[in-house]
Amino acid sequence: MSEHRPYTLLTVLLHPEGDPSVRVGFHTPHLRPRAGTLLNDSRPFLEFSSAEADVHISTTGAGPVTQADLDTAREIFTAAARYLAECERLHAVQAGKDATDTAA
């Protein structure tokens, strides 16, 4: 059985003919998701943090909530629900495989 160690991956891409991009990959059980509001309850935020990196998501231009912000929040919610369902499904499959391997 291989050991899968937790890590956070940060990649910065500098394109000679375009905008730079930053990618953060969290591969750790130590991820801390958090949500709330800022500025006297006027601006929502969603944050993912590990010991190595933070990702902060909020409204367009740090302003009032727009329809586009609502659409993005719904997409995040849907993606998180799919992620949860896949984690639960694969955990059940792996638990069943581990039980079969132990019984053999």
My understanding is that only residues two or more places apart in sequence, or in another chain, count here; which of them pass ring pair (Phe, Tyr, Trp, His ring centres under 6.0 Å) with Phe77? none

Distance only, no hydrogens: is a donor on one side chain within 3.5 Å (strictly under) of an acceptor on the other, for Thr59 and Asp69? no

Just how far is it from atom CD of Glu47 to atom CZ of Arg32, taken to the nearest 0.5 Å? 8.5 Å

Do Arg43 and Thr37 have side chains that approach each other closer than 4.5 Å (heavy atoms only, starting at C-beta)? no

Look up atom CD in Glu52 and atom OG1 in Thr8, then write down how far apart they are to the nearest 0.5 Å. 4.0 Å

Report, as yes or no, whether the 6.0 Å neighbourhood of atom CG on Asp19 holds more than 12 heavy atoms from other residues, nucleotides or ligands. no

Under 4.5 Å side-chain linkage, directly or through intermediates, the cluster mates of Ile76: Leu10, Val12, Leu14, Val22, Val24, Phe26, Leu31, Leu46, Phe48, Val55, Ile57

Can you see whether Ser50 engages Thr28 through a side-chain donor-acceptor pair at a distance of less than 3.5 angstrom? no

Test side chain to side chain contact (heavy atoms under 4.5 Å, CB included) on Glu88 and His91; report intermediate values, then the result. CA-CA 5 Å; Glu88 289 174 335; His91 186 262; 5.8 Å; no

Side chain to side chain, Leu70 and Glu75, heavy atoms closer than 4.5 Å: no

Point-to-point distance, once rounded to the nearest 0.5 Å, from CD of Gln94 to CZ of Arg89: 9.5 Å

Provide the closest heavy-atom pair for Ser58 versus Pro44 in the form atom of the first, atom of the second, distance. OG-O, 2.6 Å

Non-hydrogen atoms of His15 and Ser21 that approach each other most closely: NE2-OG, 3.7 Å

From Thr60 OG1 over to Gln67 CD, what is the distance, rounded to the nearest 0.5 angstrom? 11.0 Å

Evaluate the side-chain proximity of Ser42 to Pro64: yes if any heavy-atom separation is below 4.5 Å, no if none is. no

